[in-house]
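Below is one structure, written out as structure tokens; the observations come after it.
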Amino acid sequence: MSAKILYGKEFAAKIKESAREQVEELKSKFGVTPGLTVIIVGENPASQVYVRNKHKTCEELGIVSEVVALPEDTNKDDLLAKIDELNANPNVHGILVQLPLPAAIKAHSDEILNRIDPRKDVDGFHPVNVGKLVIGTPDLVPCTPAGCIEMLDLAGIEIDGKNAVIIGRSNIVGKPLLHLLLARHATVTVCHTHTKNLPEIARQADILVAASGKPKLVTADMIKPGATVIDVGINRIAPKKLVGDVDFDAAVDVAGAITPVPGGVGLLTVAMLMKNVVKAARLQLEA
Ligand code: GUN
């Protein structure tokens, strides 16, 4: 038996269509056009691709998009000053600092991200937004894990009462996804590099999410027959070859549903970002 393949494109299109309607509503009812500013520091080629994609998607949906490209040698204080300026600009509803930052200021990443007004933090990385997610009153939630939940919902895959296993404990994916799944009444296990019996735990999963950054970490024997497998990994194994964390060709014969890489859940990240920009604009209307 072969798994149902969950292609991201159709789901992303639905989410973007709903964001587009919300943009229209903000314009017609409140005279507000949502605006996103993305700051990119340096010349990281992958980051440049991601930022271009965000800009293009904003334009498609009627969101005002500005990209602030700063040189590689930008210092922390200049970056903080730019964030202060954007925090004070009422036309900017969302601020996103593209990661990773260059080596010279990487150690200050937390201080830099924490400077963003939590109501404009469309990445959902600010401690205020992380705290709200953990206590169960989320406002702005990180886009990639939110995309995982949206994909399960749109695919009609039940979460309530299911065993979910997440491989990876990053602040961007693993940890926020733990809380999103918990809020939906899944029983959640988070595995990581020190986990002793990963295959055995993974095999308990009705929903298995791989977010480890290790190509082919998830093999067919780690998947319960019929399980839903969501592959969040994006690993570049050759200049033009991207693979996920799951051995897709073997897993597709065991899983019930599975996301490919590329073309899977990653496509939902930008769509969810657009939703967060709309949500941020609403939060600022209320304040
Ligand atoms: N770089 C890779 N993923 C992300 C993300 O979700 N947000 C930001 N700001 N940078 C990233």
Side-chain angles (χ1 to χ4, degrees), residues 1 3-19 124 129-192 195 198 200-212 218 222-233 244-246 248 251-252 254-261 263-276 279:
M1 211 186 70
K4 178 178 169 61
I5 300 178
L6 304 172
Y7 293 105
K9 202 172 166 179
E10 54 190 289
F11 298 113
K14 279 200 181 124
I15 299 164
K16 284 192 275 188
E17 191 44 45
S18 141
N129 286 320
V130 175
K132 285 185 170 182
L133 173 60
V134 172
I135 63 172
T137 58
D139 275 335
L140 293 165
V141 169
C143 304
T144 301
C148 294
I149 300 289
E150 196 76 18
M151 187 164 225
L152 291 169
D153 284 344
L154 289 171
I157 293 163
E158 173 110 336
I159 301 173
D160 194 322
K162 293 289 159 50
N163 286 336
V165 173
I166 304 167
I167 306 174
R169 56 174 159 180
S170 70
N171 290 332
I172 297 185
V173 183
K175 283 189 223 163
L177 186 56
L178 154 65
H179 294 288
L180 290 169
L181 287 165
L182 204 52
R184 296 289 298 274
H185 313 296
T187 301
V188 192
T189 305
V190 181
C191 300
H192 47 77
T195 298
L198 178 61
E200 195 183 309
I201 297 171
R203 268 195 302 274
Q204 306 294 316
D206 303 304
I207 299 167
L208 180 62
V209 183
S212 71
V218 176
M222 292 166 64
I223 299 168
K224 173 163 131 178
T228 298
V229 179
I230 298 191
D231 191 350
V232 185
D245 292 353
V246 177
F248 182 89
V252 77
V254 184
I258 186 168
T259 65
V261 177
V265 74
L267 296 178
L268 276 67
T269 295
V270 175
M272 297 309 289
L273 175 66
M274 300 298 118
K275 285 214 133 174
N276 269 355
K279 196 185 270 182

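If you read the sequence from its start, that first residue is 1, and numbering goes on from there.
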Note: I258 and A3 closest approach over all heavy atoms is CG2-CB, 3.8 Å

Contact check, side chains of V265 and T144, non-hydrogen atoms, under 4.5 Å:
no

Separation between CG (D153) and SG (C148), nearest 0.5 Å, reads 11.5 Å

When every non-hydrogen atom of L208 is compared with those of A202, the smallest separation belongs to CD1-CB, 4.0 Å

Minimal heavy-atom distance between F248 and P260, with the atoms involved, is CE1-CA, 3.8 Å

What do the steps show when you test D206 against K224 for salt bridge (Lys or Arg N to Asp or Glu O under 4.0 Å), and what is the final call?
CA-CA 7 Å; D206 303 304; K224 173 163 131 178; 2.8 Å; yes

Nearest heavy-atom approach of H179 to L133 is CB-CG, 3.9 Å

Tightest non-hydrogen contact, residues I159 and L181, listed as CG2-CD2, 3.9 Å

Rounded to the nearest 0.5 Å, the OG1 atom of T269 sits from the CG atom of N276 at a distance of 11.0 Å

The reported gap from CD1 in I15 to CD in E10 (rounded to nearest 0.5 angstrom) is 11.0 Å

### Message
I'd like to check L177 versus V188 (side-chain heavy atoms, cut-off strictly below 4.5 Å). Are they in contact?
### Response
no

The reported gap from CD in E150 to OG in S18 (rounded to nearest 0.5 angstrom) is 7.5 Å

Quiz item: Is a side-chain N or O of K279 found less than 3.5 angstrom from the main chain of D139, in a donor-acceptor match?
Solution: yes

Between A12 and L267, the two heavy atoms sitting closest are CB-O, 3.6 Å

Sorted by chain and residue number, the side-chain contact (heavy atoms from CB on, under 4.5 Å) partners of N171 (sequence neighbours excluded) come out as K175

Sequence neighbours excluded, the answer for salt bridge (charged side-chain N to carboxylate O under 4.0 Å, His left out) partners of E17 is R20

*Within a strict 4.5 Å, meaning less than it, do heavy atoms of the Q204 and T189 side chains meet?*
no

The single option from I167, V261, V252, V229 that satisfies side-chain contact (heavy atoms from CB on, under 4.5 Å) with V246 is V229

Q: Report yes if some heavy atom in the side chain of I149 is under 4.5 Å from a heavy atom in the side chain of V141; otherwise report no.
A: no

So, does T195 use its side chain to make a donor-acceptor pair with the main chain of L198 at under 3.5 Å? no

Run the side chain to side chain contact (heavy atoms under 4.5 Å, CB included) test on L152 and I230 for me, step by step, so that the C-alpha distance in whole Å, both residues' side-chain angles and the decisive distance to 0.1 Å come before the verdict.
CA-CA 9 Å; L152 291 169; I230 298 191; 3.7 Å; yes

Inset, instruction - Would you check, one step at a time, whether the test side chain to side chain contact (heavy atoms under 4.5 Å, CB included) holds for T228 with K162? - result: CA-CA 11 Å; T228 298; K162 293 289 159 50; over 6 Å; no

Interatomic distance, CG@N163 vs CZ@R203, rounded to 0.5 Å, equals 14.0 Å

For D245 and V232: C-alpha separation, side-chain torsions, deciding distance, then whether side chain to side chain contact (heavy atoms under 4.5 Å, CB included) applies. CA-CA 7 Å; D245 292 353; V232 185; 6.0 Å; no

*Does some side-chain heavy atom of P142 sit less than 4.5 Å from a side-chain heavy atom of I172?*
no

